[in-house]
Undergrad: 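Dropping the structure in here first, questions after.
Numbered from 1 within each chain, the chains take letters A, B, ... in sequence-line order.
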2 protein chains.
Amino acid sequence: MKMAQRKGSQLLYVSSAHEQFFRGLVHGARSLGFEHCCYMIGVPVEGEGWRHVMMSNLPWAWRERYSRKGFHAIDPTVQHARQASRALVWSADQFNAAPLRELRRGLRGIGYNHGWSQPLRDVDGRFGLLTLARGETPVGADELREKSQTLRWFAQAAHAVLFRTLLARCQDGILGHLTVREIDILRMAADGRTALEIAAAMGVTERTATFHISNAIEKLGAANKAHAVACAMRLGLLD
Amino acid sequence: MKMAQRKGSQLLYVSSAHEQFFRGLVHGARSLGFEHCCYMIGVPVEGEGWRHVMMSNLPWAWRERYSRKGFHAIDPTVQHARQASRALVWSADQFNAAPLRELRRGLRGIGYNHGWSQPLRDVDGRFGLLTLARGETPVGADELREKSQTLRWFAQAAHAVLFRTLLARCQDGILGHLTVREIDILRMAADGRTALEIAAAMGVTERTATFHISNAIEKLGAANKAHAVACAMRLGLLD
DNA sequence: CGCCCCCCTGTCAATCCTTGCAGTTAAATT
DNA sequence: AATTTAACTGCAAGGATTGACAGGGGGGCG
């Protein structure tokens with residue numbers, strides 16, 4: 001059973017509400033004196049290492065390059081987020097090791113020189129990482145004392161709102177896509193309807209309803225309908 | 001079947017993570033120049049009108065009084081939130097109508113004179129309402145222009161993080177409490193385990209597991225297990 | 001045109017869920 | 001001391017779910 005990524009499929013769960021939320025976050029970051037803002041999540045995948053998805057106001061070219069070059073594998077802020085849960089204040093100048101050269105050049109190129117990165121970890125080893133950064137002034141001790149509480153809260157808010165969505169986007173490559181029909185039916189199942197009722201509501205046979213349900217169960221790696229509903233909700237597919 | 005509120009029962013879902021989040025919000029409100037911060041949700045209940053739950057940094061005495069006197073029934077900001085979705089800028093001075101006298105006096109007493117209230121509504125008629133307020137200076141047009149985006153984002157963040165929890169706290173009085181056992185079992189059901197597996201994991205009979213499940217289904221007003229799991233997740237009982 | 005995917009349908013058997021019935025026990029509340 | 005509640009157990013009938021086998025029709029893509 002292969003779960004390779006497909007091209008033409010639309011990403012149903014990419015909601016503009018989260019984009020809007022992120023724009024608000026960017027605005028808040030600006031008012032704190034950081035022009036760049038990046039929220040990233042990391043998910044451990046057995047055999048494959050890590051998967052990352054990010055949401056940022058950085059140039060598309062840079063995001064593409066970051067992903068293509070696999071910078072997340074060497075990025076010190078990401079390394080830090082894997083283990084620690086305290087914030088990291090950094091400057092690109094510190095990225096001296098040979099493998100980091102190219103990353104440092106890239107960061108300088110986009111004015112991403114000095115920053116503050118707050119990790120947030122969950123029980124399954126997944127983590128979220130909010131980074132605010134700017135081009136010119138390093139983050140000083142005084143500034144940190146003054147803003148750290150707000151910064152932490154920003155991270156908490158970003159994590160609370162964006163994590164699930166990005167996780168869904170991340171799992172997507174792993175799990176394969178749920179079809180429109182499958183999501184429709186899962187939504188009705190979550191509302192307590194039986195296969196027969198769903199079939200009636202959708203104008204198909206009971207058999208067809210159960211067919212879509214079992215496909216959804218298989219794609220989500222669930223054990224049964226209740227589990228599939230829970231998985232889908234956790235992934236934010238039924239909002 | 002009565003669902004009266006009981007005293008001794010613990011509220012399992014009151015998590016300190018949300019309290020912490022709210023403290024961050026209060027801090028953010030302060031940095032915007034508002035010392036008071038109140039997030040409230042309203043839920044329509046058939047035959048009973050409305051139920052409200054709030055989270056605020058106001059004095060406990062005032063919260064108690066607000067609730068006892070039923071101020072939420074006449075509070076203009078709440079009235080506004082029921083219908084509109086745009087923000088309301090208000091001053092307590094405007095609360096001139098006779099029934100509002102006592103409310104106005106109370107608000108003045110706690111230095112809650114000038115404020116900004118952003119409603120957020122959902123499809124089921126429920127609403128959330130974030131109010132930031134202060135004692136002295138009215139909210140001016142310039143200030144509003146400057147801060148409105150941040151304010152809206154605060155409301156969005158508060159809503160995204162706090163709504164579910166408060167809803168659970170609100171439904172609690174309506175639905176009656178789920179017992180520890182029922183929540184345990186729902187959690188395992190959400191992980192895809194059958195009644196037999198749950199029973200084995202908990203060291204009880206299959207009959208007992210099904211017994212708890214059906215109780216949970218009844219208390220949540222669900223149609224079946226999948227629905228109950230979905231309800232519990234939406235209420236934030238399974239996080 | 002072939003290939004793949006999505007959507008649709010059928011049957012059948014094993015298993016699971018749901019809901020009746022009727023209890024016991026321990027602990028907390030009144 | 002009486003009452004209420006949570007947790008627990010048994011039996012049984014009927015409905016719902018799940019999985020496996022076996023297909024047809026339509027659309028996109030190379």
Undergrad: State whether A:Thr179 places a side-chain N or O below 4.0 Å from either non-bridging phosphate oxygen (OP1 or OP2) of C:dC7.
TA: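 So the side-chain polar atoms of A:Thr179 do come within 4.0 Å of the phosphate oxygens OP1 or OP2 of C:dC7, strictly under.
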Undergrad: Applying salt bridge (charged side-chain N to carboxylate O under 4.0 Å, His left out), run through A:Arg23 and A:Glu19 and close with a yes or a no.
TA: CA-CA 6 Å; A:Arg23 278 197 295 276; A:Glu19 306 285 350; 5.5 Å; no
Undergrad: What residues from residues 201-211 of chain B pass a heavy-atom cutoff of under 4.0 Å to DNA chain D?
TA: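 Under 4.0 Å from DNA chain D: B:Val204, B:Thr205, B:Arg207, B:Thr208, B:Phe211.
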Undergrad: Checking all strands, does B:Asn215 fall into the base, sugar-phosphate, or nothing category for heavy-atom contacts under 4.0 angstrom?
TA: nothing
Undergrad: Between B:Glu182 and B:Asn224, which is nearer to the 5' end of DNA chain D once each is assigned its nearest nucleotide?
TA: B:Glu182
Undergrad: When A:Ser117 is tested against each of A:Thr77, A:Asp75, A:Thr131 for side-chain hydrogen bond (donor to acceptor under 3.5 Å, both in side chains), which residue passes?
TA: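 Answer to the side-chain hydrogen bond (donor to acceptor under 3.5 Å, both in side chains) test with A:Ser117 among A:Thr77, A:Asp75, A:Thr131: A:Thr131.
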Undergrad: Do side-chain atoms of A:Trp153 reach the backbone of B:Phe21 as a donor and acceptor pair under 3.5 angstrom?
TA: yes
Undergrad: Does any N or O in the side chain of B:His36 come within less than 3.5 Å of the main-chain N or O of B:Gly111, such that one atom is a donor and the other an acceptor?
TA: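 Yes, the answer is positive, given that a donor and an acceptor are paired below the 3.5 Å cut-off.
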Undergrad: Do the charged groups of A:Arg234 and B:Asp191 touch, with an N to O distance under 4.0 Å?
TA: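 Result for this pair is yes, salt bridge flagged.
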Undergrad: Find the distance A:Ile213:CD1 to C:dT9:C1' and express it as a whole number of Å.
TA: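 Whole-Å distance recorded here is 15 Å.
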Undergrad: Of all residues at least two apart in sequence or in a different chain, which pass the side-chain contact (heavy atoms from CB on, under 4.5 Å) check with A:His52?
TA: A:Met40, A:Trp50, A:His72, A:Val78, A:Arg82, A:Phe127
Undergrad: Would you mind reading off the distance between B:Lys225 atom NZ and C:dC16 atom C1', rounded to a whole angstrom?
TA: 8 Å
Undergrad: For residues 197-208 of chain B, which residue pairs qualify under side-chain hydrogen bond (donor to acceptor under 3.5 Å, both in side chains), counting only residues two or more places apart or in two chains?
TA: B:Arg207-B:Thr210
Undergrad: Starting at CD1 of A:Ile217 and ending at P of D:dT17, how long is that distance when rounded to a whole Å?
TA: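 Roughly 10 Å, once rounded to whole Å.
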Undergrad: Strictly below 4.0 Å, heavy-atom distances to any atom of DNA chain D: list the hits from residues 189-200 of chain A, or just say none.
TA: A:Thr194, A:Ala195
Undergrad: Would you kindly give the CG-to-C1' distance between B:Leu186 and C:dT18, to the nearest whole Å?
TA: 15 Å
Undergrad: Looking at CZ of B:Arg65 and CG of B:Leu58, how far apart are the two atoms once the value is rounded to the nearest 0.5 Å?
TA: 12.5 Å
Undergrad: Quick one: B:Leu178 CG to D:dT5 P, roughly how many Å, whole number?
TA: 16 Å
Undergrad: Check side-chain contact (heavy atoms from CB on, under 4.5 Å) between B:Ala232 and all other residues, then give those that pass, not counting sequence neighbours.
TA: B:Leu186, B:Leu220, B:Leu237, B:Leu238
Undergrad: From CZ of A:Arg181 over to P of D:dG26, roughly how many Å is that when rounded to an integer?
TA: 16 Å
Undergrad: Quickly work out the A:His212 NE2 to D:dT17 C1' distance and round it to whole Å.
TA: 16 Å
Undergrad: Could you state the interatomic distance from CG (B:Leu107) to OH (B:Tyr66), rounded to the nearest 0.5 Å?
TA: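 Rounded to the nearest 0.5 Å, the CG-OH separation comes out at 8.0 Å.
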Undergrad: What is the distance from NE2 of B:His227 to P of C:dT18, rounded to the nearest Å?
TA: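 After rounding, the reported distance stands at 12 Å.
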Undergrad: How about A:Glu182 and A:His212: does a side-chain donor come under 3.5 Å of a side-chain acceptor?
TA: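 Result is no, nothing qualifies.
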Undergrad: If we fit an axis to the first five pairs and another to the last five of the helix from C:dC1-D:dG30 to C:dT30-D:dA1, what angle do they make, to the nearest 10°?
TA: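 Inter-axis angle at the termini of the helix from C:dC1-D:dG30 to C:dT30-D:dA1: 60°.
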